[in-house]
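To start, the structure under review is shown below, and the notes come after it.
One is the number of the first residue; the rest follow in order along the sequence. Indexing begins at 1, ligand by ligand and atom by atom, following the structure's order.
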Amino acid sequence: MSEAFELFETLGGAFGPSGREEDVREVIAAYAAEYCDDLTTDTLGSLICRKKGTGEHKKKLLVAAHMDSIGVVATFIDEHGFIRFAPVGGLSVGDLLNIPVRFANGTRGVISYEEKTALKDLTIERLFIDVGVTSRADAEACVRVGDFAVFDGARFEQNGVLCGPYLDNRIGCAAVLMAMKMLPETVENDLYFAFTVQEEVGLRGSGPAAFAVAPDAAVAVDVTDTGDLPEQKYPMACALGKGPAIKLMDSSVICSPAVTAALERAAAEAGIAVQHEILRFGGTDTAMLQKTAMGAPAGAVSIPTRYIHSPSELCAVSDVEGAARLLAHFLTQD
Ligand code: CO
Ligand code: ZN
């Protein structure tokens, strides 16, 4: 079993939809405490870990990974106990048919759909959660309107890949924790690691975290799409297992050429294979790291991942390890 999978099991299994990140924050904090000098939680709930630098001309470098996940929130319970819900973050109907979910209190359910509607016409409004009861009262004994739920699938490692719900972005958090562990005892620069909240609902947590740190340069860590599946709509020059991707651009940001170059240099020095990412649809915390307060040079390291936002996301272990090594080298380069 890889270190990446061990972390994915623990972090991925922690409950943490956007706005409800307490459990996942606790798991990350317990791990990070061993490698950092101080840990703080900001007003919105982002965890900011600092490893103090000893250099004379030290810079403040920030690495940020969002720790929230997509999920659903109960909006209405009918007289038979079926629960209607709204999305928390970006959900596609095709990823939600007859899949298990879990509420914060451990209640499990299955998302299913109104059969009278043709599959192609299904919308989230036509779906419901079945928690195995027959009345509103029995449903309300375990789920209330406003309760959040997350995907509840199993996680596995096989043939060099990891699979399961919430690689986005617990695997990004895992890569950051692995990088932390690789750092030498003393470092030149002041290093900040932010595990941010509410990325999936509109990059809401990273701005305040970046404001608090006011970094000289910042790097976000998240997943990105791949272009290596059969009959895809758009070509994308990013594939599973070819190394972590240095982001050039996505729909929220154009990365700083200086940060991109520093990442390239770190990869070359450490002999890490990398690829380049232009994500046409989707934004990341990188945007907020770049434009918060007076702004900061910002870039991103992405882990190529298939089936993003489904309960069965899939990525390569070697790309996670490469991302961790790349971050560690970037943070310690002159
Ligand atoms: Co996402
Ligand atoms: Zn993400």
Side-chain angles (χ1 to χ4, degrees), residues 4 7-8 11-12 14-21 24-25 28 44-47 63-73 86-96 101 124 148-151 153 162-177 193-207 209-210 218-226 236 238 240 244-247 249-253 255 277-290 298-315 319-320 323 327:
L7 283 165
F8 177 44
L11 299 178
F15 190 82
S18 305
R20 298 287 184 275
E21 296 91 352
V24 57
R25 183 174 60 236
I28 292 173
L44 292 193
S46 295
L47 176 70
V63 172
H66 73 87
M67 61 179 171
D68 62 309
S69 73
I70 56 170
V72 298
V73 58
V88 176
L91 293 178
S92 297
V93 168
D95 293 325
L96 300 178
V101 291
I124 302 249
F148 288 58
V150 296
F151 297 149
L162 305 179
C163 182
Y166 302 134
L167 284 172
D168 179 9
N169 185 33
R170 304 297 158 68
I171 206 62
C173 297
V176 174
L177 292 173
F193 304 91
F195 298 91
T196 62
V197 295
Q198 300 193 36
E199 189 268 356
E200 295 290 1
V201 288
L203 320 179
R204 295 179 193 168
S206 47
V219 172
V221 184
D222 205 335
V223 300
T224 193
D225 282 336
T226 70
M236 183 177 179
C238 186
L240 212 68
I246 296 175
K247 187 189 289 289
M249 185 174 159
D250 64 30
S251 48
S252 68
V253 71
C255 293
E277 174 212 354
I278 295 178
L279 180 65
R280 293 188 51 185
F281 307 99
T284 54
D285 275 347
T286 323
M288 297 312 294
L289 304 181
Q290 182 180 61
V301 171
S302 302
I303 296 159
T305 301
R306 295 172 177 169
Y307 325 121
I308 293 176
H309 285 197
S310 86
S312 312
E313 298 175 324
L314 192 152
C315 79
D319 293 341
V320 182
L327 292 166

Name of the E200 N, O or S atom nearest the Co ion (ligand 1)?
OE2
In degrees, rounded to 10 degrees, what angle do D168 atom OD2 and H309 atom NE2 make at the Co ion (ligand 1)?
90°
Determine whether D95 and H309 satisfy the following criterion, side chain to side chain donor-acceptor pair (under 3.5 Å), listing intermediate values before the conclusion.
CA-CA 8 Å; D95 293 325; H309 285 197; over 6 Å; no
Of T286, T284, D285, which meets side chain to side chain donor-acceptor pair (under 3.5 Å) against S206?
D285
Need one value: angle at the Zn ion (ligand 2), H66 atom NE2 versus D222 atom OD2, rounded to 10 degrees.
80°
Using modelled atom types and a 3.5 Å cut-off, is there a donor and acceptor pairing between side-chain atoms of D319 and backbone atoms of I303?
no
Kindly give the atom name of the N, O or S atom of D168 closest to the Zn ion (ligand 2).
OD1
Just so I know, are the side chains of E200 and D168 near enough to count as touching, which here means a heavy-atom distance under 4.5 Å?
yes
